[in-house]
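These notes are about the structure you will find just below.
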Amino acid sequence: MNSKTPVIQLKNVSKTFGEVRSLSEVNIEIYPGEIVGLLGDNGAGKSTLVKTIMGFHQPDEGGEIWFKGEKINEWNVAKARELGIETIYQERALCEQQPIWRNMFMGREIKNKFGRLNVKQMKSEATRLMSEHMGFTSTAVHPDNAVLTMSGGEKQGVAITRALYFDAELVILDEPTVGLSLSETKKTLDFIQNIKKSGRSAIFIDHNIFHIYPAVDRMIVLDRGKVAGNYKKSDITMDELIESMYRVARTGSIKE
Amino acid sequence: MNSKTPVIQLKNVSKTFGEVRSLSEVNIEIYPGEIVGLLGDNGAGKSTLVKTIMGFHQPDEGGEIWFKGEKINEWNVAKARELGIETIYQERALCEQQPIWRNMFMGREIKNKFGRLNVKQMKSEATRLMSEHMGFTSTAVHPDNAVLTMSGGEKQGVAITRALYFDAELVILDEPTVGLSLSETKKTLDFIQNIKKSGRSAIFIDHNIFHIYPAVDRMIVLDRGKVAGNYKKSDITMDELIESMYRVARTGSIKE
Amino acid sequence: MSENKDSKVKNNAARPPSFWRRFGMQFGIWSVGIFMWLIFVFTASEAFTSKDIYLAFASSTPLFALMAIPLTLIVITGEIDLSFPAVMALATATFAKIYSGTGNIWVGFIAALIVGTLCGYFNGWLVTWFGIPSLVITIGTSFLFRGIELAWMNGSGVGLTDDKLLGVANLLVGRSFFGIANQFWWTILATLILWFILNRTQFGAHVFLTGDNKTSAQLMGVNVSRVKRRSFAIMGFFAAFAGLVASFEVSYFWPTLGEGLLMNSIASVFLGGTSVFGGIGTVTGTFVGSFIIGAINAGIVASGINAFFTQVFFGLVIILSVIMQAVISKRIKR
Amino acid sequence: MSENKDSKVKNNAARPPSFWRRFGMQFGIWSVGIFMWLIFVFTASEAFTSKDIYLAFASSTPLFALMAIPLTLIVITGEIDLSFPAVMALATATFAKIYSGTGNIWVGFIAALIVGTLCGYFNGWLVTWFGIPSLVITIGTSFLFRGIELAWMNGSGVGLTDDKLLGVANLLVGRSFFGIANQFWWTILATLILWFILNRTQFGAHVFLTGDNKTSAQLMGVNVSRVKRRSFAIMGFFAAFAGLVASFEVSYFWPTLGEGLLMNSIASVFLGGTSVFGGIGTVTGTFVGSFIIGAINAGIVASGINAFFTQVFFGLVIILSVIMQAVISKRIKR
Amino acid sequence: TTANAAATSQWCKGVKIAAFPGGPQGGVFANNVYNGYVQAAKDLGPTMKYYFSDWDSAKLVTQMKEAVATKPNGMAIYGFGGPEATGPIVDDAFKKGIIVTSLNSELTALQSKYAARGFGYVGAELYKAGNDLAKKVISNASLKSGDSVFVWGLKGAAGDRAQRTVGVIDGFEKAGLKVVYQEIDQATNTTPASGGPTYAGLMAKNSSVKAVVTDHGGLTATAATYMKAANQKPGDVYFAGFDLSPAAVTAIESGYLNLIIDQQPFLQGYLPILQICLTKKFGFSGLSVNTSGGFVDKTNVAIAKPLAIKEIR
Ligand SMILES: Nc1ncnc2c1ncn2[C@@H]1O[C@H](COP(=O)(O)OP(=O)(O)OP(=O)(O)O)[C@@H](O)[C@H]1O
Ligand SMILES: Nc1ncnc2c1ncn2[C@@H]1O[C@H](COP(=O)(O)OP(=O)(O)OP(=O)(O)O)[C@@H](O)[C@H]1O
Ligand SMILES: [Mg+2]
Ligand SMILES: [Mg+2]
């Protein structure tokens with residue numbers, strides 16, 4: 001495991017929407033086997049950063065994205081996923097009128113070499129995943145059911161399970177535990193530990209420092225589009241971190 | 001303050017969607033000045049319960065809703081809001097292409113006695129509320145801005161602020177702190193305390209027992225559509241509660 | 001901490017959206033309009049520098065503008081109406097029948113407006129009661145209304161040249177100031193009224209909310225079904241009025257009245273910047289859009305393009321206008 | 001704990017949606033179809049108990065069914081196409097011109113299909129590149145394509161009775177088994193092919209995702225623009241094919257070809273249960289919907305309802321069918 | 001309509017006829033043909049079924065097939081489906097014993113094949129009617145070679161319908177006139193008042209135009225509106241067109257419209273029904289009747305007026 005080359009590296013990435021500059025000159029790298037926590041107030045630009053990494057947003061002129069040491073020019077979501085980046089988006093990214101199995105394999109459908117979809121396999125895989133990875137308490141989890149009829153937490157379950165299925169090099173979780181019950185939250189946090197154990201990387205976004213701190217190796221704090229701090233866990237205690245988060249919120253600066 | 005008559009009372013309320021029975025024979029009452037926590041796993045029926053109280057869903061035959069001691073027959077959202085029930089929905093209930101001010105006064109627009117809308121007042125009120133109640137870190141909070149361009153947490157802020165504006169007798173908060181930062185979460189919890197102080201009531205739904213327990217007077221646990229437990233805070237410690245929640249999740253029953 | 005919050009608000013939060021961002025949509029359609037006008041002034045200067053052509057626009061564009069304007073409301077609620085040409089005809093038939101039966105103009109006039117409103121309300125009821133998309137159901141009601149009208153009139157038209165009708169004819173389609181047709185003023189009035197309804201009444205606010213996100217609106221207590229029914233009723237009312245205007249304009253009621261106006265009205269609404277997906281739109285945009293649509297054909301033929309090439313250019317102008325409108329609005333928004 | 005989870009899954013989670021819930025949509029349209037057929041069998045028994053009328057349907061319904069079926073894909077992606085009648089004409093004009101120029105049937109045939117596909121692709125490109133709603137832009141391209149065709153043909157038609165054309169005419173519109181017109185078999189084939197594309201290819205899966213929630217689909221790496229462009233291209237291809245079929249059926253190419261088919265095709269798609277809002281739809285539903293639409297007109301006239309009342313009844317039948325379809329689907333879903 | 005059903009013995013009772021008025025329900029021209037059918041049905045007593053084809057040849061052909069499938073005794077069809085498409089259907093119909101006769105546009109080959117079995121024709125020759133009108137306009141307005149005329153027509157229309165426009169254009173061009181041609185657009189076609197700006201724009205560009213011919217009953221009747229839109233007074237151009245209608249009568253009276261040629265569509269409906277009845281009952285062969293009637297202008301408009309209002313003429 002060569003931890004010298006980052007799995008993903010952003011150089012000077014900015015992103016502007018109209019008059020709003022959501023990211024400004026962000027430099028970030030994630031190394032193999034590393035779990036990085038991303039913290040920041042509402043509107044700090046965390047989700048924008050995630051979507052830029054995924055190629056959903058194109059960075060402004062001058063920003064560069066490097067994957068495993070290679071500069072990538074035509075970056076898009078399909079390519080990112082193919083290279084092994086999976087994301088659980090904050091907005092879940094589900095197609096709610098579609099059955100669970102279609103959502104599970106959205107964008108990466110199983111097909112045979114002639115391009116014919118293997119619907120049967122997708123359904124059975126979906127059933128397996130849903131019952132193995134997420135234990136549902138309601139009756140609405142047959143793979144043919146539309147996502148529409150599921151509860152908020154169940155939907156989140158689909159989005160999480162989907163990201164697990166494809167053994168990704170880098171998993172990005174944008175507030176994944178939102179709306180999950182205690183036991184499901186625990187499962188998700190366990191899952192993050194498994195990523196690390198298997199030598200893969202993750203970016204973990206959450207508002208709950210109690211969730212983030214125990215799970216990660218390193219924390220990056222975003223404030224109004226800028227990287228305001230970057231701590232190894234060994235360098236900062238949870239209390240110091242909370243203290244410094246409040247400070248950022250108050251003064252906009254990490255330093256006293 | 002007559003705490004004998006509940007602000008709202010559900011008698012035998014069930015709700016069935018197709019083959020899914022989301023609520024079955026729920027009996028609940030909320031007294032004035034009381035903060036009630038509603039707990040339960042994903043899909044337990046918490047949001048369905050809230051929407052039934054609001055009159056968005058009609059309960060199945062046989063269920064009754066009583067407001068301040070009177071049985072209410074033609075229950076609908078507009079009526080519920082008029083009588084003084086405000087809800088922060090889990091799905092936020094925003095119209096994203098519309099400007100903030102329209103969202104703020106959605107369904108309860110300010111108008112003069114001839115029915116002419118007072119757009120100016122709505123805008124200035126919206127500005128005041130947004131800056132007083134929620135401190136935004138981005139630039140996208142002019143009342144004329146579309147909600148669309150705001151971050152997840154900012155949107156939630158709009159939904160919360162809206163519920164605060166109308167001095168409601170009963171405020172229902174369905175996972176309100178989801179996606180909020182530490183400091184915003186604290187504000188929301190403070191707000192719940194203020195409701196209690198002013199003698200009004202609240203129903204507070206959250207997955208985070210650490211949020212719920214300190215804030216409430218009483219806790220109701222839902223499990224697969226049924227009321228599985230109903231505790232005064234004085235009767236149960238937080239640890240016992242967590243223990244019993246796990247038990248419900250495992251066995252479907254609150255009792256050992 | 002609170003003073004800090006305030007200063008933050010001052011620094012970051014009080015910035016209003018830019019002028020372009022706020023008026024982008026209107027700006028888009030106005031610039032398309034002016035741009036097209038300039039082109040025609042150059043390519044068809046004989047026509048476009050004399051006032052005659054503008055008087056002609058003022059008299060013919062209202063025939064569909066009067067319906068495009070209320071149609072904007074329906075489109076903002078996320079629905080569409082394809083039946084209004086038939087409503088136009090059915091309401092005018094009501095006028096013709098009642099007038100020839102009773103000899104009373106005003107009873108006929110009011111009855112026509114009522115029939116139009118009811119037809120619209122019926123559409124709205126079908127849409128909201130059964131939850132059927134309006135695009136589908138109004139194809140059906142269009143046949144129904146047209147069929148009733150044809151069966152009632154037995155397919156024949158009626159002349160409206162009776163001397164007793166002169167008064168109402170003058171009111172609706174007479175010429176006033178500088179020879180401008182009255183229907184132009186009616187269109188202006190309709191624009192103003194519907195602007196007020198849309199932007200300064202609770203009903204109007206709910207029109208936007210309904211089209212933007214029906215479920216959210218319902219969760220907040222908006223009666224979206226009622227909003228839709230009323231929007232359709234308003235449409236029916238104006239269709240009836242437009243039917244009378246169009247018939248008095250040619251002093252004859254053709255039983256096929258309105259058939260060719262559907263596309264023009266719809267195109268005006270969309271060209272005017274109203275979103276097909278609902279939630280966004282302006283009546284002033286539609287007003288400008290109508291006059292653009294109304295001018296294209298005349299502009300092209302006056303530029304010396306004749307015969308079948310007119311259609312090629314008509315298509316090109318629509319495509320380019322829509323593209324310009326889309327590009328300008330998008331540029332402005334970011 | 002895990003054994004508990006499993007048992008829970010067994011108790012609550014493995015229940016599939018009921019039969020009604022899964023096939024509700026198809027069931028709705030089939031029952032509407034059968035119900036209507038029964039009515040016609042009783043009210044117009046002479047016509048509807050002899051095989052002639054069914055042979056007539058088999059030859060005339062494909063003229064629009066062949067376009068309604070691919071239109072289903074476009075509607076599922078959340079778009080619409082109003083220009084396909086013009087594409088039909090332009091593609092057939094290409095065939096006529098190339099055939100009369102070179103005398104080579106197959107070159108003309110292939111060229112027509114290519115032109116149709118390109119027209120469709122052009123629509124898709126406009127829609128996705130500029131982000132313009134297809135309802136608006138295809139009104140424009142409809143004029144453009146029709147205008148080009150009319151200008152090219154100078155407004156005149158061409159006979160297709162040449163002996164050399166007999167082969168292709170037989171292939172497209174000849175009569176086979178029991179006198180059933182070949183275009184019926186072509187329609188069946190088109191239904192099968194598009195069913196496969198929609199339900200058994202990645203492109204088809206993406207058609208559903210695109211129409212359901214564009215942003216979600218994009219976030220998961222679906223190239224929604226490409227999906228839309230391809231759907232429009234498929235539409236164009238079939239429009240061209242339908243243009244040839246319709247022209248050979250009457251052995252003449254009229255420059256107005258296709259004008260009356262727009263509403264029929266659109267109504268078939270929606271009657272077939274495809275959602276106007278995208279994300280939901282079936283080609284088999286559209287197939288049945290086409291035959292219902294095709295039968296209504298003939299059925300009403302054959303029932304002895306005369307003249308102007310036919311439109312009233314046509315409207316009523318459409319309204320009632322759509323309502324039935326909506327009610328049945330809703331009932332089944334809950 | 002005027003006839004009194006009791007006055008005639010309905011000797012054609014029990015005969016089933018499928019009749020094609022051609023255009024849309026309530027449309028100009030089509031409605032006059034329809035009125036002719038209705039009158040004939042009242043007088044003679046056959047059972048009628050009507051198929052309205054919206055001037056759409058594909059639709060006409062489809063409907064003819066469906067009509068044959070219902071096995072009537074007779075069919076009165078338009079010719080605008082074209083001989084290629086109509087031929088096989090007529091063959092099939094006669095095979096099944098259905099008497100077919102045609103109206104409005106001729107199907108010469110079929111007529112000669114089946115005349116003995118009742119296939120007749122009632123109508124005006126469209127090309128000739130157009131040509132005649134052009135000639136009459138030239139003489140009435142004393143136009144000379146090199147003068148400009150504006151023809152607003154439907155050259156792209158389906159079937160035989162276009163032939164009248166072509167006839168007008170040929171008539172003018174043969175006399176050396178310069179023709180400015182414009183195709184009637186969709187909105188104007190169905191709501192003639194929409195065409196004002198188009199007319200005004202065209203007149204502004206081609207100010208030397210001396211005469212206008214509109215090949216469309218609706219537009220012809222709207223002459224006054226167009227001329228006012230272009231700021232023209234009665235007589236500024238010589239305005240001529242087709243088809244008598246109440247509105248056209250008014251336009252002639254007001255002086256804006258100068259000349260109309262009428263092909264008496266009522267007869268084109270009445271006579272084919274009579275033809276079918278005669279053939280069915282008495283075996284008469286097909287008759288060929290030319291209805292291209294006369295010109296109507298200020299001098300004779302008073303006679304036509306009452307009939308026009310009832311849509312008989
Ligand atoms: N409109 C609906 N149609 C069909 N089923 C529904 C509908 N709304 C909710 N359900 C079902 O009802 C059950 C309860 O859902 P609900 O949203 O009330 O759960 P919840 O307790 O709020 O869960 P969460 O914590 O995940 O938000 C779920 O199984 C869901 O599938
Ligand atoms: N598509 C967009 N168009 C315009 N502005 C946008 C867009 N997406 C995000 N923004 C703006 O960018 C800023 C950052 O948003 P982002 O969603 O990245 O924040 P976040 O850190 O994820 O916040 P939260 O914790 O609330 O989810 C916000 O101010 C938002 O208004
Ligand atoms: Mg975010
Ligand atoms: Mg919930």
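Just so it is clear, the structure is predicted and the values come from calculations on it, not from any experiment. In what follows, chains carry the letters A, B, and so on, assigned in the order in which the sequence lines appear, proteins first and then strands, with residues in each chain numbered from 1. Heavy-atom basis, side chains included; hydrogens, waters and symmetry copies ignored.
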Residue Lys97(C) excluded, over 12 heavy atoms near NZ under 6.0 Å
yes
Where on Ser194(E) is there a heavy atom nearer than 4.5 Å to chain C: the side chain, the backbone, both, or neither?
both
Within a reach of under 6.0 Å around OH of Tyr54(C), are more than 12 heavy atoms found that belong to other residues, nucleotides or ligands?
yes
Let me know if Leu55(C) has heavy atoms under 4.5 Å from chain E in its side chain, its backbone, both or neither.
neither
Which of residues 151-166 of chain C get closer than 4.5 angstrom to chain E, counting heavy atoms alone?
Asn154(C), Gly155(C), Ser156(C), Gly157(C), Thr161(C)
Measure distances from Lys228(E) to the heavy atoms of chain C and classify the residue's part below 4.5 Å as side chain, backbone, both or neither.
neither
Residues, nucleotides or ligands: over 12 heavy atoms within 6.0 Å of Tyr181(E) OH
yes
Counting heavy-atom pairs under 4.5 Å to chain C, which of Ala229(E), Ala230(E), Ala30(E) comes out on top?
Ala229(E)
First locate atom CG of Asp185(E), then atom CD of Gln311(C), and finally report the distance between them rounded to the nearest 0.5 Å.
8.0 Å
Enumerate by number any residue of residues 259-269 of chain C whose heavy atoms lie under 4.5 Å from heavy atoms of chain E; in the absence of such residues, state 'none'.
Glu259(C), Gly260(C), Leu261(C), Asn264(C)
Calculate, to the nearest 0.5 Å, the distance between atoms OG1 and CD belonging to Thr310(C) and Gln182(E) respectively.
3.5 Å
Please round to the nearest 0.5 Å and tell me the distance separating atom OG1 of Thr222(E) and atom CH2 of Trp254(C).
6.5 Å
Measure distances from Asn189(E) to the heavy atoms of chain C and classify the residue's part below 4.5 Å as side chain, backbone, both or neither.
neither
Would you give me the side-chain donor-acceptor pairs under 3.5 Å for residues 291-305 of chain C, sequence neighbours excluded?
unit_1    : atom_1 : unit_2    : atom_2 : d
Ser303(C) : OG     : Thr43(C)  : OG1    : 3.0
Ser303(C) : OG     : Gly299(C) : O      : 2.6

Quick check on the structure: residues of residues 196-209 of chain E within a heavy-atom distance below 4.5 Å of chain C, by number.
Gly196(E), Pro197(E), Thr198(E), Ala200(E), Gly201(E), Leu202(E), Ala204(E), Lys205(E)
